[in-house]
Undergrad: 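Got a structure for you, questions after.
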Amino acid sequence: MNLRGPIVSVGEARTVSTSYGERDCREVRVRPDRGAGEPVDVTLWGKWTETAEHAETGMELLVTETEEDEYRGEVGYATTDESWVVLEPDFLVDVTGIRSWVQCPRMYYLNKLSGIPLNYPVVKGTIVHEVFGDLLRGVDLEASIADRVDEAGLELGLLGYEREEVEDEVRRNAAAVEGWLAQGTLSDEDTWRSEFTLISPTFGLKGRADALRRGTPVELKTGKNTKREPRFHDKVQAACYALMLDERGVDPDIGTLLYTKNTALDRNEESGDLAPAKEFTVGRGFLEFVVRERNALAAMEWRALNDPGERPTVPTGYEADATCSYCFEQDACMVVSGRLDQESKAGQIGTPVPDEERDYFDRFYTAIEEERRETHAEYRKLWEQTPEERAADDRALIGLEPAGQTEIDDARWELRARKPGDAVSKLREGDVALASDGDPVSGHAELGRIVELGGDEVVVEADEPVELRRLDVYPSEISVDRSLTALHDAVLKGNEARKDVLFGRREPAFRDPADRSTGSPGPADPDAPEAYIDNNDAQNEAVELAVDAEDCALIHGPPGTGKTYTIARTIRALVAEGNRVLLSAFTNRAVDNALEALRDQGFDDVLRVGTETGVRDDMRDVRLVQRGDPNAKAAELRDAPVVAATTAACGSRVLRECEFDVALVDEASQLTEPGTHAAINRADRFVLVGDHEQLPPVVRAENDLSTSLFERLIDAYPEASVMLDRQYRMSQRIQAFASAEFYDGALRPATPEVAGQTLADLGVDPDALAPELTGGVGFVDPAGERDGNRNVREAERVAAVVDAYVAAGVDPDDIGVIAPFRAQVAEIGRRTDVTVDTVDRFQGSSKEVIVVSLVATGDLDGPIFEDHRRVNVALTRAKKQLTIVGDADALGFDPFYARLLEWARR
DNA sequence: TCTCTGCAAAGAGGA
């Protein structure tokens, strides 16, 4: 039987005489059934005692195939020859992580911290892998090479490579693959499968095998290996895939490594076996070694978060016997050790960063790793929840009926399926999702992009064909990984002047306005216009502040205050002074909105970096296509005066190669500090635009990530900020509450017209409506009952209110409904055709008439009501009429909501 | 049961 649960205590190591001779063993006491059962002892025999050395109280332990055994008169359990022992199985280690861990645990840590930068061997390696996959799919070699090199145009250009030389090199590598494939092994194509995604709940592993041949893993390496044996860590990587296949009952006995630089031409007797393919036996002992190494890694990661020590546990390099002088990462290793004052086998270079920076690094490192655990918890739901639970959780579309797999351009596949009419989920067009044959964990699953999700059909694009029966939200670690590299870059590579400001050692500096260059408004040029923006003092001041900032400027933009317009004007002013500007924001939508404003002001010399589906249709014409001639592509990116991308994209390999004078970040109050660093690391100066009285960053774990850099800096340096104080959206009556509660009464309507707008302006006769639905702000109490996150009666009443507005002559397109919960959004959505959405999704937009459904009855317990910033967003979306539907009694229990009620009923 | 947007990911190498 399998035993699984948290460790209660770890016993002493012992050596026991058995009928097999002297054997090591060690007892570990666990609370089985994930902590629900009574503690029992498990005896770990033989080499599993090495895993016991890493075990600590509180870690989760899984032992499979145990047998009952008696020790000191107590019934316990023990490992058998069939047992696997897994520490922290919920921590999903990537196979490439194990590979570098086995080389040197510190290399694993460094790769995680600093990311893999853009470099030629990796780009070339990726191309050769793609070509390998194409060959297995039967694509013509020359066509594949030309296509794959073309696809990597931008990256190759940035690295200074010409198309022909890369094609030649890829051709040489591919020849080895082709030669091997030609040796008869490919006669039956069915025994091949390229790019196989594997997730292992038992071993806590995930990864993607290059190929499977007759159920055995094949790994492609674009290097040379003149030894008879494959490199050890390459074998470890292939063995990881073998292990995961083993879990699926495939039981591979060999693994193959294909070294593509080994060609027949190089063959010479002295250097040994230069054939590209090297097979090796995957024995039980080797697989156990791989599991033990994974356990050591998982234990280190556990200690980094759970050890009571002041600083996170970090590998030193002494754990392995690798020689530092041979290591390519030696310099990076020493620099990191030196800057963070870490113990390391390679030694240290340079002076440690000041204490406050090290504390900052440690705090955020821990916070990001906590976020990683939350992502792993999302993975766990893939196998712990039934498909029905997943669907009920809105995290999967199930019950799909395959309706065709078609090969399209670039050797990709278009998967179609019919979906049940009522199926809803948080999946949307353009999302990356896990497409599977019904079981994403032990069945066949591929990562793909959702192309179409309307009506009764789903269309997904993937590298490999899949019988599309289920589509799951994919819990990607990419934002976690990019946060870590952004943190690394900010603290270890950031310049000192920048860090002085970030760490409170110096006030942000601003140049004398007299130094503004000619052509810009201001004292330097008497003929220039008097102001950047002549009808709004705060907006003009914001542009001036941003233009004069020598470190940073902070623009605080409450709802409707013309934030986007100001951003566009600021960028134009910065470019006019010769600056190269990076425009960024958390969401694609905000990036495109800012870009739209910029283009509306007549500035079109922009480059949008982002995925095809992420970029809005009307910005496609300025989108950077990465495919093409290397030099032309690199020039396109390097020469653009304005580059626009999400902060996630700013952390990508390509944009990490770029430099800017100024980074301007919109929606900065919704970004974590590392998320903000990803953008501002790229520039000398930065401008943050946001409103910390609206929604904060979305993070799963409550920690340092919950506060934005924008908020921290605006508190620390109020004089480096400007608040836009005139709003162009809401009537006087609507804005009053938000202004008083969130902006100290400083928010005012920009014009009398804005202040005085009413429903009558829409051609509606207010007398045709019930009094509580008119007058700018109203309150309706339907006496409903909250049921989970829904309130059916309230939903009915909301729909009736919407109907009343429509009947009175309001255009349905001018009405929006906002609810705090997705469940209530769905409930209301069933009853009306107008736009219904959550508060979070409504941020950034507005409607003439807004109806808010509060859902809560009885009391206002629950995190969603405790964050008043969310209420601020909900109440500031309406221009002419805001109608709040909710339970008056519940609101009365909380002073804030009581004031809200009083205002709404006045 | 609170809210949820980004992201293909994995990709190399010498004594």
Side-chain angles (χ1 to χ4, degrees), chain A residues 94-97 99-100 103 116 118-130 152 155 195 197 206-210 219-227 231 233-234 237 259-261 322-323 325-329 389 392-394 412 426 428 430-434 446-449 461-463 473-483 585-591 610-611 613-614 645-653 667 670-671 675 678 695-700 788-789 819-825 838-843 855 861-867 869-870 873:
Chain A
D94 205 276
V95 169
T96 51
R99 180 178 190 265
S100 55
Q103 286 186 73
I116 303 213
L118 187 68
N119 59 10
Y120 182 62
V122 174
V123 175
K124 187 196 74 188
T126 307
I127 298 171
V128 174
H129 274 80
E130 303 281 8
E155 294 191 322
E195 314 261 32
T197 302
K206 63 183 161 74
R208 204 170 182 215
D210 285 342
E219 266 302 296
L220 189 72
K221 296 291 160 197
T222 29
K224 191 189 277 273
N225 178 1
T226 55
K227 301 279 163 48
R231 262 189 281 274
H233 44 262
D234 292 341
Q237 187 177 356
Y259 293 94
T260 60
K261 253 194 187 169
T323 311
S325 57
Y326 296 154
C327 178
F328 288 97
E329 308 289 350
E389 285 169 341
D393 227 9
D394 291 348
R412 286 174 66 80
K426 58 184 289 189
R428 269 171 298 154
D431 282 0
V432 171
L434 202 55
E446 275 293 325
L447 223 50
R449 198 177 272 283
E461 257 182 47
D463 275 350
V473 171
Y474 179 69
S476 170
E477 284 183 56
I478 194 158
S479 77
V480 166
D481 289 338
R482 291 197 175 163
S483 293
F586 180 50
T587 59
N588 275 312
R589 200 185 57 182
V591 172
T611 58
T613 43
T646 59
T647 48
C650 289
S652 69
R653 270 199 329 217
E667 287 188 346
Q670 281 188 82
L671 281 167
L695 296 175
V698 173
V699 286
R700 295 183 179 93
N789 289 331
F821 306 108
R822 267 212 313 266
Q824 180 74 350
V825 166
T838 55
V839 184
D840 301 60
R841 292 242 204 125
F842 242 104
Q843 173 145 329
V855 182
D861 279 350
I864 205 144
F865 298 104
E866 280 158 22
D867 195 338
R869 290 173 291 191
R870 185 166 274 105
V873 174

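Naming: A, B, ... by sequence-line order, numbering from 1 per chain.
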Undergrad: Where the side chain of A/Arg870 is concerned, which of B/dT3, B/dG14, B/dA9 is the nearest nucleotide?
TA: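 Side chain of A/Arg870 sits closest to B/dT3.
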
Undergrad: Measure from the side chain of A/Thr126, starting at C-beta and using heavy atoms only, and say which of B/dA12, B/dA10, B/dC7 lies closest.
TA: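 Per side-chain heavy atoms of A/Thr126, the pick is B/dA10.
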
Undergrad: If we only count heavy atoms from C-beta on, is the A/Arg99 to A/Glu219 side-chain gap below 4.5 Å?
TA: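 No, too far: nothing below the 4.5 Å cut-off.
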
Undergrad: In dot-bracket notation, what is the pairing pattern of DNA chain B, taking Watson-Crick (N1-N3 plus N6-O4 or O6-N4) and G-U wobble (N1-O2 and O6-N3) contacts under 3.5 Å, with [ ] crossing and | for other strands?
TA: ...............

Undergrad: Determine whether a donor-acceptor pair (one donor, one acceptor, N or O, separation below 3.5 Å) exists between the side chain of A/Arg589 and the base of B/dG6.
TA: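 No pair found.
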
Undergrad: Of all the choices, B/dA12, B/dA8, B/dC7, which nucleotide is nearest to the side chain of A/Val122 once you look at every atom?
TA: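 Out of B/dA12, B/dA8, B/dC7, the nucleotide with an atom closest to A/Val122's side chain is B/dA12.
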
Undergrad: Write down the distance between CZ (A/Arg822) and P (B/dC2), rounded to a whole number of angstrom.
TA: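 Whole-Å distance recorded here is 11 Å.
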
Undergrad: Got a sec, which residues hit salt bridge (Lys or Arg N to Asp or Glu O under 4.0 Å) with A/Arg822, two or more places apart in sequence or on another chain?
TA: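 Only A/Asp394 meet the salt bridge (Lys or Arg N to Asp or Glu O under 4.0 Å) criterion with A/Arg822.
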
Undergrad: How many Å lie between CZ on A/Arg428 and C1' on B/dC4, as a whole number?
TA: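 Between C1' of B/dC4 and CZ of A/Arg428: 8 Å.
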
Undergrad: Can you identify which nucleotide, out of B/dT5, B/dC2, B/dG11, has its nearest atom closest to the A/Phe821 side chain?
TA: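 Selected nucleotide: B/dC2.
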
Undergrad: Taking only residues two or more places apart in sequence, or in another chain, which ones meet A/Glu461 in a salt bridge (Lys or Arg N to Asp or Glu O under 4.0 Å)?
TA: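 For A/Glu461, the residues satisfying salt bridge (Lys or Arg N to Asp or Glu O under 4.0 Å) (neighbours in sequence not counted) are A/Arg412.
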
Undergrad: B/dG11, B/dC4, B/dG6: which one has an atom nearest the side-chain heavy atoms of A/Arg841?
TA: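 Shortest atom-to-atom distance from the side chain points to B/dC4.
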
Undergrad: Whole-Å distance between B/dA9 P and A/Asp94 CG?
TA: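 So the CG-P distance, A/Asp94 to B/dA9, works out to 11 Å.
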
Undergrad: Could you pick out which residue, A/Arg653 or A/Gly610, lies toward the 5' side of DNA chain B when each is mapped onto its nearest nucleotide?
TA: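 This one resolves to A/Gly610.
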
Undergrad: What is the distance, to the nearest angstrom, from the CG atom on A/Asp393 to the C1' atom on B/dC4?
TA: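 Value for this atom pair: 13 Å.
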
Undergrad: Nearest to the A/Ile864 side chain among B/dA8, B/dT5, B/dC2, which nucleotide is it?
TA: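 Among the listed nucleotides, the one closest to the side chain of A/Ile864 is B/dC2.
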
Undergrad: Nearest to the side chain of A/Leu447 - B/dT3, B/dG6, B/dA8?
TA: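 Closest nucleotide to the A/Leu447 side chain: B/dA8.
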
Undergrad: Can you tell me which nucleotide in B/dG6, B/dA9, B/dT3 comes closest to the side chain of A/Glu130?
TA: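 For the A/Glu130 side chain, the nearest candidate turns out to be B/dA9.
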
Undergrad: What is the distance, rounded to the nearest whole Å, between atom CD of A/Gln824 and atom P of B/dT1?
TA: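 Nearest whole value for this atom pair: 18 Å.
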
Undergrad: Of all the nucleotides listed (B/dC4, B/dG14, B/dA9), which has the minimum atom distance to the side chain of A/Tyr326?
TA: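 The nucleotide sitting nearest to the side chain is B/dG14.
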
Undergrad: A/Asp867: which residues meet the salt bridge (Lys or Arg N to Asp or Glu O under 4.0 Å) condition with it, sequence neighbours left out?
TA: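 With neighbours one apart ignored, the set is A/Arg869.
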
Undergrad: The side chain of A/Thr838 lies closest to which of these nucleotides: B/dG11, B/dG14, B/dT3?
TA: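 Selected nucleotide (nearest to the side chain): B/dT3.
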
Undergrad: Within a strict 4.5 Å, meaning less than it, do heavy atoms of the A/Arg482 and A/Ser652 side chains meet?
TA: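 In contact.
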
Undergrad: Which part of the nucleic acid, if any, lies within reach of A/Glu461 when heavy atoms closer than 4.0 Å are counted: base, sugar-phosphate only, or nothing?
TA: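 No contact.
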
Undergrad: Atom CG of A/Asn588 to atom C1' of B/dG6: distance rounded to whole Å?
TA: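 Interatomic distance, CG of A/Asn588 to C1' of B/dG6: 8 Å.
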
Undergrad: Check side chain to side chain donor-acceptor pair (under 3.5 Å) between A/Thr613 and all other residues, then give those that pass, not counting sequence neighbours.
TA: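 A/Arg449.
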
Undergrad: Measure from NE2 on A/His129 to P on B/dG11 and round the result to the nearest Å.
TA: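 My rounded result for the distance is 5 Å.
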
Undergrad: Quick one: label A/Phe865 by what it contacts on the DNA or RNA (base, sugar-phosphate, nothing), any heavy atom closer than 4.0 Å.
TA: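 Here A/Phe865 touches no strand at all.
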
Undergrad: For A/Arg208, check salt bridge (Lys or Arg N to Asp or Glu O under 4.0 Å) against everything at least two apart and list the hits.
TA: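 For A/Arg208 the salt bridge (Lys or Arg N to Asp or Glu O under 4.0 Å) partners, ignoring immediate neighbours, are A/Glu195, A/Glu446, A/Asp463.
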
Undergrad: Within this structure, what is the CD1-to-P distance between A/Ile116 and B/dA9, rounded to whole angstrom?
TA: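 To the nearest whole Å, that distance equals 15 Å.
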
Undergrad: Do A/Asp94 and A/Thr96 have a side chain donor and acceptor closer than 3.5 Å?
TA: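 Yes - a donor-acceptor pair under 3.5 Å links their side chains.
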
